[in-house]
Amino acid sequence: MRLISQIMQERKRGDKPVAYIRTYGCQQNVADSERIKGMLEIAGFEFSETVDDADFILFNTCAIREHAEDRVFGNVGALKSLKRKHPQIVIALCGCMMEQEHIANKMYKSFPFVSLVFGTHSLHRFPQLLYHTLADGKRVYERDNDDKKVYEGIPVKRDGTFKGWLSIMYGCNNFCTYCIVPYVRGRERSREKSLILDEARQMISAGYKDITLLGQNVNSYGKTLADKPTFAQLLHEIDSIDGDYWLRFMTSHPKDCSKELIDTIANGTHISKHLHLPFQSGSDRILKAMNRHYDRKKYLDIVNYAKEKIDGVSLTSDIIVGFPGETYEDFKETLSLIREVEFTSLFTFIYSPRVGTPAAKMDDPIPAEEKSKWFRELLDVQEEIAAKRCASMVNNTEKVLIESETGKNGELNGRTSGNIIVELKGDKSLIGTFQNVKITQARNWILKGELV
Ligand code: SAH
Ligand code: SF4
Ligand code: F3S
């Protein structure tokens, strides 16, 4: 049997087979792409930042909003001429869009130059699927392969050398009425705690300084495991590993956010003082229609407890504007909530109907222009809040992880434990290290500082 690496030696255009992976969507997809890269690396591939010299092109797609899907359609379409010029290249599509039958079918039919289509549940079978299309020269299409298992032992080639993702669970059981994720990622399943701890230890000894634990709702970690460990227990055990690193996690669902978790953060050594706690809407009526299982009061109770226990806690959230049936009165409740909490930053989205979700069948009378107006109003209010929050940090000395050059001469970007960007002067040899930085100025949601 010939191997992928042998076949690619014959098909490659340059000295070595080259792969190009483009990732859309959330960190879950980024983490999946890192596993695909791990598998490709073993098969002898190098990686490129552009499609031009690639022998294998893969788009890992996202289905969360219409805009995300439209971009994929446009960008895949643009590969047609490349494939015509170099017929030996292999083009593949995977990710969340491919787990939606109507979309995957449409893409498979519209783009005959795509050789391989597979969904999120087939990630572990990627080498076999690639081998099939390479060896037989046939198109391969696999989706809806949800066997509810966690596949361990897939190699990972992480994009970053000091910031990294660590998946602790997959899937989601919450079925928020607007959301496609449970349909495209399947039921919630957790990784064994010992394996997560092993991977965390490896990352820390490899020099990772900023590790983010990933799951759609990390607060329900452990429910599918025999001994039912809680997320707070897992977090505490990772935090007990020696080293100089920060530990973050996302996403925390407010319905399951326990005081135990907040106490664990407050008493932690490495856990960043940052809580991403998406509330989506400030209106109880809309929260109910969204199937979120908490109300405004419960949300504020958790936030207030976090503010009380975690010194200088930085809170961030996701918000949806224009959910079906939302009125301006409901929207004003969202505005009042963000004023009350004073978030550091927000990820704001205009509602986008997703085929197959309950909300897509709900009456949605508010016109798009009206929703855009509310959206801009929300951004204005948040800008004012973020500016105020950043201004309150001037003169503080913060531990900052230096991440990159800003592009301006001699300037670097870093991040605080609360995930706020800090710009400072310094040498690029500091990238990947922690530095103490005195905050000298606040510019909207960005801080300026000086090395101490
Ligand atoms: N599991 C995470 C969120 C994952 S999706 C959580 O529950 O918080 C990231 C964000 O996308 C969601 O928090 C929501 O704000 C937004 N989102 C999801 N579906 C959407 C839709 N149909 N339209 C607009 N925004 C959506
Ligand atoms: Fe989607 Fe809700 Fe699950 Fe988050 S918790 S992924 S918003 S269904
Ligand atoms: Fe998109 Fe899938 Fe993430 S739909 S937001 S890539 S889980």
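Start at 1 with the first residue, then count along the sequence. Both ligands and their constituent atoms are indexed starting at 1 by order of listing.
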If you scan protein heavy atoms around atom 2 (Fe) of ligand 2, the nearest is Cys176 SG, 2.3 Å
Using a 6.0 Å distance limit plus a 45 degree cone around the ring axis, check whether Arg125 lies over the aromatic ring of Phe118. no
Checking heavy atoms under 4.0 Å, the part of Arg292 that sits near ligand 1 is side chain
At under 4.0 Å between heavy atoms, what of Tyr178 touches ligand 2? The answer is side chain
Quick note on ligand 2: atoms under 4.0 Å from a heavy atom of Cys172 include exactly 3 (Fe), 5 (S), 6 (S), 8 (S)
Nearest non-hydrogen protein atom to atom 7 (S) of ligand 3, with distance, is Gln216 NE2, 3.3 Å
If you scan protein heavy atoms around atom 6 (C) of ligand 1, the nearest is Thr251 CG2, 3.6 Å
Contact region, Pro278 to ligand 2, non-hydrogen atoms below 4.0 Å, reads neither
With a 6.0 Å cut-off on the ring centroids, do His276 and Phe249 count as close? no
Could you check whether any heavy atom of Arg292 sits closer than 4.0 Å to an atom of ligand 2, since that is the contact criterion I want to use? yes
Atom 25 (N) of ligand 1 has as its nearest protein heavy atom Arg65 NH1, 3.3 Å
Under 4.0 Å between heavy atoms, the region of Pro278 that gets near ligand 1 turns out to be side chain
Note to self: Looking at Tyr305, I'd like to know if the NZ or CZ of Lys259 sits under 6.0 Å from its six-membered ring centre while staying within 45 degrees of the ring's axis.
What the structure shows: yes
Please verify whether a non-hydrogen atom of Ile64 lies at under 4.0 Å from ligand 1. yes
Within 4.0 Å of some non-hydrogen atom of Arg354, the atoms of ligand 1 are 22 (N)
Atoms of ligand 1 under 4.0 Å from any heavy atom of Tyr351, numbered from 1 in the order shown, are 23 (N), 24 (C)
Quick look: Phe349 vs ligand 1, heavy-atom contacts under 4.0 Å, and the answer is side chain
Query raised in the report: When the ring centroid of Phe47 is compared with that of Tyr20, is the distance short of 6.0 Å?
Result: no
Show, in sequence, the C-alpha distance, side-chain angles and deciding distance for Phe349 and Phe375, and conclude whether the ring pair (Phe, Tyr, Trp, His ring centres under 6.0 Å) test is met. CA-CA 8 Å; Phe349 309 103; Phe375 188 74; 8.4 Å; no
Counting only protein N, O or S atoms (no waters) closer than 2.8 Å to atom 1 (Fe) of ligand 3 gives 1
Checking heavy atoms under 4.0 Å, the part of Asn217 that sits near ligand 2 is neither
Taking only non-hydrogen atoms of Asp318 and a 4.0 Å limit, the atoms of ligand 1 in range are 9 (C), 10 (C), 12 (C), 13 (O), 15 (O)
Could you check whether Phe279 and Tyr294 have their ring centres less than 6.0 Å apart? no
**Study point:** Sub-4.0 Å heavy-atom approach of Thr357 to ligand 1
**Key:** no
